[in-house]
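As structure tokens, the structure follows; a few thoughts come after it.
Just so you know, ligand 1 is whichever comes first in the structure, and atom 1 is the first atom listed for that ligand.
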Amino acid sequence: MNKVDELFGCNVFGDSVMKERLSPEVYNALKSVIKEGKTIDSSIADDVANAMKDWAIEKGATHFTHWFQPLTGITAEKHDSFISPTEDGHIMMEFSGKELIKGEPDASSFPSGGLRATFEARGYTAWDPSSYAFVKDQTLCIPTAFCSYSGDALDQKTPLLRSMEAINKQALRIIKLFGYEDVKRVNVTVGPEQEYFLVDKEVYEKRPDLIFCGRTLIGSMPPKGQEMDDHYFGVLKPRVAAFMRELDCELWKLGVLAKTEHNEAAPSQHELAPIFTTINIAADHNQLTMEMMKKIALRHGLVCLLHEKPFDGVNGSGKHNNWSLSTDTGINFLKPGKNPDQNPLFLLSLVAVIKAVYEHQELLRISVATAGNDHRLGANEAPPAILSIFLGEELEGILDDIAKGVQHDNAKRIKMNMGADIIPAIRKDNTDRNRTSPFAFTGNKFEFRMLGSASSISDTNVMLNTMVADVFGEFADRLEKADDFQNEIYLIIKEVMENCSKIIFNGDGYSEEWKKEAEKRGLLNLESTVDALPLLKSEKNIALFEKHKVLSRTEINSRVDIILENYFKILHIEALTLIEMMNREVVPAITAYTDLLCTAVLNKNSIGGISTSVERELIARLSAANKEIFNLTNSLKMAVSSAECTLDNLERAREYHDNVLKIMADIRKYADSAESVVPSDYWPYPSYSELLFSNN
Ligand code: ADP
Ligand code: MG
């Protein structure tokens, strides 16, 4: 074994450790719980807990925590030590099955959207045995779901697990129709590519906007941005390379399959891609990845920015959610494949996704709706807020041909083509891959690219799983009853192509023409969180989630409230930060420099015969800008007060969006124009150049 082999998963209570440390009966029982998604029998829990504790203590752990993802987006932990007093005044290290299975964090400060009144603040956490426990910072972390006592989900994971069950159930019906009787489970596989920025810590600490908001609220463009394209895949700077090496190591220890690390398009921007895995594990691993990025950056004197748009005018950061479906026997539903028998399955799965995305565009948009991501979607480097699917012309052509063939009563020919001839010809596209598409078929998976860099990937996959489960269910209903199975598949493909192909677009998703075209096609363009979010509560969507037992009406309503609350809280903090920056630093700085210029004019005049036109011009410009900034800052204060008085969450979010954000943008315009003429020793903050080129 080489070093990486030894390192990989060494802090994870994974399969080999379980095998080694559990009795065969307990091991087998636990394995079937994990594999088939069954619930855990409490009799084996004590044994598992004990083995876990002994192993964790050997790894240096003194504490344990139920590790969960409340709706704030970040992960939460509450550490308990293993110690338990003995009668003779000593202690022993204990961890029971009960403690493993269920925890009761004091959760009154986690958002519940009215689901859990604070007087009954206790929610509980429940062990998710399908995601391995691990040791981090001398603590045994047990991945859990977080619910209220009435069983309502208060976290990201519960609906994710439920949506996995929903899609498993319907996809199993489909795969059985194709004769694969041995399949026991269909899993969603996801590989999330994660973008981030690294900036120098000392420079970062001089920017209150980065500290409080994670993004710059002002800052004029540097003379050198990403125009030269010399950063993308460029040579790593030593400090960044050291960071990445350590990050990989730490992630490997935790069993995260960190695979590729490279520079991204913007200066100081990077990406990490893991090898794909089952979605709930991928979601946990992505949370761990973000946490480790932040922590390890600090050890290198760097700060990791996960905000979606830390710098205006420079590429933002997103996440690409590579999504596919695989059976426990290794069949990928979305792999065109060489085996002709699998091809109708592939085509059926393909049109299932097309239909799901077409019919539920808003759900995917909602799943990526945050205050931060609003700055990115629709800007030049990110996919637009309009959902569309890139299939590539080859694949679209095949589906079109099939649809047309059936119309022309030429079903036989098509049957053959669908089977053997056409499908193997599909290339795993990497040449004509369309980077501007928000939802692209990329060889054997779909890649959804609208996710913000800071968000959990759970929401998106809850939506995708449920949408596709619903369509699979509908297809399975038809196919189970069909007399001619093959022909029913054609009819389905034909119908999807006739009714849903408006969602397919292979062209430039960033162009203005596409916006117009999409409008003509009747596709949704939900530009901001406040436009998108209310649609989650539509009767259509509530029915969808209730039908598949993923979210109840109450849970949906609470989620909308929580997301809106998060949205306006973020804008509130941003507005207050900007007000403080303007009043205490920017306005005084401009005033001080104007004073200097005035003194210069007076001095020159006293000598006589020297031109003061430059100084006068600058004084005029800066005074005008300063006055605007001063007045707009007062308006911003009033807009915030007014928004804060609005009780309804949606209305309040709208006020922040329509008024507060707009004034902030106006202030920025004047501040940035002033920054471009005020000397750097007068300007209170490090410039974009200093921030973006600081991580050498
Ligand atoms: P890119 O060219 O976009 O960088 P790759 O084709 O190398 O991408 O894959 C990107 C991500 O897709 C990786 O995280 C990879 O593990 C993941 N991926 C590959 N196959 C699958 C699959 N079947 N299901 C889910 N994710 C997958
Ligand atoms: Mg990608």
Is the F448 to F439 ring centre distance short of 6.0 Å?
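Yes, the ring centres sit under 6.0 Å apart.
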Heavy-atom proximity to atom 26 (N) of ligand 1 ranks first, among F446, F276, F333, for F276
Nearest heavy atom to atom 5 (P) of ligand 1 wins, so pick from Q194, E271, E193, K445.
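Comparing heavy atoms across Q194, E271, E193, K445, the nearest one to atom 5 (P) of ligand 1 lies in K445.
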What I want to know is whether T189 and ligand 1 share at least one N or O pair that is separated by under 3.5 angstrom.
yes
Quick check: does V190 get an N/O under 3.5 Å from an N/O on ligand 1?
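No, no N or O pair falls under 3.5 Å.
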Check ligand 1 against [X] and write out every atom of the ligand that is under 4.0 Å from a heavy-atom position of the residue.
X	value
G191	14 (O), 25 (C), 26 (N)
N332	23 (N)
I275	16 (O)

Please check if the number of heavy atoms outside K295 that lie under 6.0 Å from its NZ is greater than 12.
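Correct, the count exceeds 12.
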Do the ring planes of F446 and F441 sit parallel (below 30°), tilted (30 to 60°) or perpendicular (above 60°)?
perpendicular
Describe, in one word, how the ring planes of F333 and F472 are oriented to each other, choosing from parallel (under 30°), tilted (30 to 60°) and perpendicular (over 60°).
tilted
Salt bridge (Lys or Arg N to Asp or Glu O under 4.0 Å) contacts in which one or both residues fall within residues 314-333, not counting sequence neighbours:
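Every candidate salt bridge (Lys or Arg N to Asp or Glu O under 4.0 Å) pair involving residues 314-333 fails, so no pair, neighbours aside, qualifies.
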Under the side chain to side chain donor-acceptor pair (under 3.5 Å) criterion, do D284 and Q69 qualify, and how do the steps go?
CA-CA 9 Å; D284 282 354; Q69 289 149 38; 3.0 Å; yes
